[in-house]
Amino acid sequence: MFHLIEKRVLERVSDYIRNRYSVDIPVGLEQPKQAAFGELALPVAFQLAKHLKQPPKVIAAQIAADLSGIEGIASLEVAGNGYINLRIDRAYYGERLLQPEPPAREADGRKIIVEHTNINPNKAAHIGHLRNAVLGDTFVRMLRSAGYRVEVQNYIDNTGVQVADVVAGFHFLEKKRVDEVRELAKQDRFDYLCWDLYARVSAYYAENPEALKWRQDTLHAIESGAGEIAELGNVVADRIVMAHLNTMLRLGIEYDVLPRESEILHLKFWATAFEQLKERKAIYFETEGKNKGCWVMPGSAFKEEGEAAEDDSKVIVRSNGTVTYVGKDIAYQLWKFGLLGKDFYYRRLLDYPSGHPLWVSTDTPQEEKAPSFGGGYKVYNVIDSRQSYLQNVVVAGLRALGYQEQAERSIHFSYEMVALSPRTCAELGIELSEEDKRRPYVEVSGRKGLGVKADDLIDKLIETALREVDARHPEAPPEERRKVATQIATGALRYFMLKYTRNSVIAFDFQEALSFEGETGPYVQYAAVRARNILRKLEERGETLPDFSKELDCEAMGRQLASDDFWQLLLAASKSGSAVERAIASGEPSHVAKYAFQLAQAFNTFYHEYPVIHEENREKKMFLLWMTSYFRSQLERTLGILGIEIPDYM
RNA sequence: GGGCCCGUAGCUCAGCCGGAUAGAGCGACUGGCUUCGAACCAGUAGGCCGGGGGUUCGAGUCCCUCCGGGCCCGCCA
């Protein structure tokens with residue numbers, strides 16, 4: 001509701017400034033720090049002072065005098081050196097909130113593609129992958145709640161070195177046959193087994209560099225798609241993909257489609273992109289220097305103005321004729337925008353328990369008709385900030401091909417890594433060098449097998465939560481307690497991954513992550529549970545939830561909201577639209593998390609201060625009940641966007 | 001050598017396009033359970049917003065510079 005008023009005020013003021021002063025400046029609208037100053041503040045007089053060469057105070061007085069009669073605004077006054085403070089008409093506002101809010105926006109048919117997770121299918125997922133998936137999934141939920149059409153892609157690199165190394169481990173190091181591996185893959189934590197194997201293979205390479213030949217042989221075999229080793233590659237990658245899907249589903253994360261590298265190869269996406277790149281002279285054939293014999297993209301294409309040395313150019317096709325990763329990425333990005341002129345075939349991989357189907361790419365036509373994938377208007381790639389250089393090259397590729405607008409709408413949704421706190425390293429039994437001990441955090445490494453596995457963390461969180469639930473609700477059935485503990489655990493985890501802004505490095509610490517108090521997911525869940533408890537208690541007492549639009553009218557709202565206390569609480573509760581809008585604009589899911597926490601704080605003070613059910617005065621009781629149900633719906637909505645469930649009790 | 005990010009309370013972090021007295025959680029210290037159950041609430045202490053210049057009516061926020069920390073920059077994949 002709040003953002004509707006904001007919008008209305010902004011429009012009116014902008015129009016007024018344009019007409020009255022013939023200047024077109026961006027009008028700022030703030031929320032005063034002190035409640036006594038009202039709900040909205042315009043510093044526009046300061047901005048105008050320059051243009052008009054008049055004191056801000058004089059201008060402000062004039063604007064305030066002219067700008068009366070904005071719907072929902074009770075008063076305007078000049079304050080300080082030239083602020084214009086606005087007060088919202090409380091009765092109007094409260095009465096409006098009794099009506100259901102209109103949908104955020106009309107879907108316009110344009111599709112937004114969000115790609116996230118993208119874990120190499122060769123080992124168990126770790127906490128860094130969780131940050132990626134939770135950020136991506138929450139951003140998707142934000143967009144969908146705002147009315148956008150979103151397609152969620154999870155790209156699977158099932159033919160890369162990482163898979164090859166594990167396959168080489170099975171084949172060369174452990175001398176295992178496909179059938180044996182297939183048997184192993186039936187066990188629950190096959191992804192853990194591969195985690196260890198991957199680390200062993202990497203260590204083996206380090207000591208026996210000549211063994212790196214295995215990697216090359218394995219890669220070639222996988223690429224050709226035929227033979228025992230290729231088959232092994234499929235077994236490993238397919239099984240691990242399922243493991244990752246399961247891990248993510250524990251956190252409520254689902255995808256629409258899994259485009260796979262194997263199909264990008266088999267359907268020759270690159271060949272098509274290569275033709276385009278050559279034709280439009282986005283890349284050129286280097287005839288001298290260190291890159292002799294390669295097709296390269298000039299550094300000037302992706303470097304800022306400054307002189308791009310020849311050194312900066314990026315090899316796209318090697319002198320042996322094979323394509324680099326970036327090259328394939330360009331082809332893939334073209335497909336996402338529907339610019340490649342080619343598409344995958346699709347097979348329905350599974351149906352989630354929610355009923356939502358998940359599709360996977362395939363290289364042969366299928367009978368079942370699939371939805372149309374790709375061809376997005378805007379593309380968000382959720383990839384950690386270490387890859388920003390490569391992401392820049394990909395975007396430069398689009399630009400060099402003449403796809404200026406698509407380049408603009410290719411967004412590297414970057415975030416910083418999740419590292420480990422020294423304390424957590426110690427808990428995990430990781431030996432640190434003297435140098436590392438002095439660092440604030442230590443980077444995880446899949447190659448070294450150094451890190452915290454996602455499923456381990458989730459399990460540990462559930463166990464911790466279960467102890468609390470057991471202590472509080474010993475009478476509840478065990479499976480029910482486990483369900484509640486799971487909801488609390490995943491709520492805690494998702495919130496933990498979201499509370500930091502994207503470009504802050506998370507130094508993961510068990511003690512912190514396992515905390516359920518203070519600024520955490522369970523704190524917010526608890527507020528929602530409390531709101532529900534009040535309403536449930538009411539019904540247990542034989543009373544029914546009233547029809548508030550009949551019980552409360554504009555006058556009643558005015559009377560109740562005359563209390564600053566109530567008014568501030570309601571105001572805080574009604575800002576969810578504003579918070580989500582801001583979070584989408586800045587691409588920052590942490591803003592929603594922050595808001596959820598503030599909302600819960602507001603409700604908890606309300607809860608503590610005002611006994612609802614025992615209130616004697618009828619109108620006040622109606623009002624308190626309405627506040628409770630309004631808080632509840634706002635908490636539910638916000639937690640829904642964060643992908644956090646609300647337990648039945650806590 | 002080049003690029004990106006970070007530096008705000010003891011610790012972990014917020015701070016929307018530059019705006020009024022810099023906020024939260026944890027930790028520390030005081031208090032509060034008479035079931036709408038305390039995974040909560042109320043309060044106290046704690047800040048040269050890394051240093052220095054500049055732009056501005058106004059800078060934690062923008063520009064320059066220095067210091068400290070992190071990440072990235074192969075025809076590997």
Side-chain angles (χ1 to χ4, degrees), chain A residues 26-34 37 41 43 46-47 49-50 55-56 79-83 85 157 160-162 164-165 212 215 219 286 290-296 303-304 306 308-309 311-312 314-320 322 324-325 384-390 392 414 416-417 419 421 439-441 443 465 468-469 472 488 492 499-501 503-507 509 511-512 515-520 522-523 525-527 529-531 533-538 541 578-579 582-583 585-586 588 590-591 594 597-598 601 604-605 607-614 624 628 649-650:
Chain A
V27 177
L29 187 62
E30 299 165 15
Q31 295 172 37
K33 299 208 166 163
Q34 280 185 69
F37 289 157
F46 295 109
Q47 297 166 270
K50 258 168 263 177
N81 294 324
Y83 277 98
N85 291 332
D157 183 8
V161 251
Q162 297 218 22
D165 283 348
L212 280 165
R215 177 188 280 172
L219 273 174
E286 184 62 80
K290 59 169 187 158
N291 293 335
K292 186 175 175 183
C294 300
W295 286 89
V296 302
K303 291 274 172 174
E304 294 295 316
D311 276 9
D312 294 336
K314 175 74 194 164
V315 172
I316 304 296
V317 179
R318 305 181 189 105
S319 53
N320 67 5
T322 57
T324 59
Y325 253 50
D384 78 80
S385 64
R386 284 173 287 195
Q387 304 216 38
S388 57
Y389 167 71
L390 294 177
N392 282 340
S414 76
E416 278 290 345
M417 62 179 170
S421 76
R439 294 174 195 265
Y441 47 80
E443 198 173 351
E468 298 289 328
V469 178
R472 285 158 217 247
I488 291 169
K499 70 193 272 195
Y500 301 91
T501 50
N503 51 15
S504 110
V505 176
I506 298 181
D509 187 87
Q511 201 164 312
E512 235 181 279
S515 158
F516 298 148
E517 288 168 15
E519 197 194 335
T520 65
Y523 177 94
Q525 289 174 310
Y526 189 53
V529 167
R530 282 176 138 183
N533 279 350
I534 294 177
L535 302 173
R536 202 184 50 214
K537 211 75 176 187
L538 185 80
R541 288 165 55 108
S578 176
R582 190 158 56 82
S586 58
E588 193 57 85
S590 67
H591 289 159
K594 214 77 186 176
F597 177 64
Q598 285 162 1
Q601 268 186 321
N604 276 333
T605 46
Y607 180 91
H608 186 259
E609 196 69 27
Y610 304 99
V612 178
I613 288 179
H614 305 290
L624 291 174
T628 305
Y649 53 84
M650 281 180 78

Any ion pair linking A:K594 and A:E519 (charged N to carboxylate O, less than 4.0 Å)?
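A salt bridge is present here (some side-chain N lies under 4.0 Å from a carboxylate O).
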
Pair A:E443 + A:R386, salt bridge at N-O below 4.0 Å:
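Yes, charged N to carboxylate O under 4.0 Å.
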
Identify whether any heavy atom of [X] sits under 4.0 Å from a base atom; if not, whether one sits that close to sugar-phosphate; answer base, sugar-phosphate or nothing.
{"X": "A:L212", "answer": "nothing"}
{"X": "A:R472", "answer": "base"}
{"X": "A:V505", "answer": "sugar-phosphate"}
{"X": "A:Y441", "answer": "sugar-phosphate"}
{"X": "A:E443", "answer": "sugar-phosphate"}
{"X": "A:D165", "answer": "nothing"}
{"X": "A:E30", "answer": "base"}
{"X": "A:F516", "answer": "base"}
{"X": "A:E588", "answer": "nothing"}
{"X": "A:T520", "answer": "nothing"}
{"X": "A:R582", "answer": "base"}
{"X": "A:S385", "answer": "nothing"}
{"X": "A:A41", "answer": "base"}
{"X": "A:F597", "answer": "sugar-phosphate"}

Can you tell me which nucleotide in [options] comes closest to the side chain of [X]?
{"X": "A:H608", "options": "B:C75, B:G69, B:C41", "value": "B:C41"}
{"X": "A:Y500", "options": "B:A39, B:A20, B:U12", "value": "B:U12"}
{"X": "A:I534", "options": "B:C40, B:C36, B:A14", "value": "B:C36"}
{"X": "A:Y523", "options": "B:C36, B:U12, B:C41", "value": "B:C41"}
{"X": "A:P611", "options": "B:C36, B:C73, B:C71", "value": "B:C36"}
{"X": "A:Y607", "options": "B:G37, B:A20, B:C75", "value": "B:G37"}
{"X": "A:Q601", "options": "B:G25, B:C72, B:C40", "value": "B:G25"}
{"X": "A:Q34", "options": "B:C41, B:G74, B:A20", "value": "B:A20"}
{"X": "A:T605", "options": "B:A42, B:C13, B:C5", "value": "B:A42"}

Is there a donor in the side chain of A:E517 and an acceptor in the side chain of A:S515, or the other way round, less than 3.5 Å apart?
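Side chains of A:E517 and A:S515: no pair found under 3.5 Å.
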
Side-chain H-bond candidate by donor/acceptor type, A:Y526 with A:N604, under 3.5 Å
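A:N604 and A:Y526 do not have a side-chain donor-acceptor pair below 3.5 Å.
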
Give me syn or anti for B:C57, where syn covers glycosidic angles within 90 degrees of 0.
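B:C57: anti.
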
Mind listing the closest non-hydrogen atom pair of A:P611 and A:L624 along with its distance?
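Scanning both residues completely, I find the closest heavy atoms to be O-CD1, 3.8 Å.
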
Taking all non-hydrogen atoms of both residues, which atom of A:G28 and which atom of A:Q47 are closest, and how far apart?
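Answer, listing the atom of A:G28 first, then A:Q47: N-OE1, 3.9 Å.
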
To the nearest angstrom, how far is A:L390 atom CG from B:C73 atom C1'?
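From A:L390 CG to B:C73 C1': 9 Å.
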
Send over the distance from A:L29 CG to B:A20 P, rounded to a whole Å.
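About 14 Å, once rounded to whole Å.
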
Between [X] and [N], is there a side-chain N or O to OP1/OP2 distance below 4.0 Å?
{"X": "A:Y526", "N": "B:A39", "answer": "yes"}
{"X": "A:N533", "N": "B:C36", "answer": "no"}
{"X": "A:K33", "N": "B:A20", "answer": "yes"}

State the pairing partner of [N]; accept Watson-Crick or G-U wobble contacts with both distances under 3.5 Å, and report none otherwise.
{"N": "B:G7", "result": "B:C67"}
{"N": "B:U55", "result": "none"}
{"N": "B:G1", "result": "B:C73"}
{"N": "B:U44", "result": "B:A28"}
{"N": "B:U35", "result": "none"}
{"N": "B:U21", "result": "none"}

Check this for me: does the side-chain of [X] come within 3.5 Å of the base of [N] through a donor and an acceptor?
{"X": "A:S319", "N": "B:C75", "result": "yes"}
{"X": "A:N85", "N": "B:A20", "result": "yes"}
{"X": "A:E519", "N": "B:U12", "result": "no"}

Taking the six-membered ring for Trp, does A:F46 stack with B:G58 (centroid gap under 5.5 Å, planes within less than 30°)?
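One would not call A:F46 stacked on the B:G58 base.
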
Could you give the distance separating [M] and [N] at their [atom1] atoms, to the nearest angstrom?
{"N": "B:A20", "M": "B:C57", "atom1": "C1'", "result": "13 Å"}
{"N": "B:G10", "M": "B:C6", "atom1": "P", "result": "22 Å"}
{"N": "B:G2", "M": "B:C62", "atom1": "C1'", "result": "24 Å"}

Could you say whether A:V469 or A:Q47 is positioned toward the 5' end of RNA chain B, judged by the nucleotide with the nearest heavy atom to each?
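The 5'-side residue here is A:Q47.
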
For A:T324 and A:P32, take the nucleotide of RNA chain B holding the closest heavy atom to each; which residue's nucleotide lies nearer the 5' end?
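It is A:P32 whose nearest nucleotide is closer to the 5' end.
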
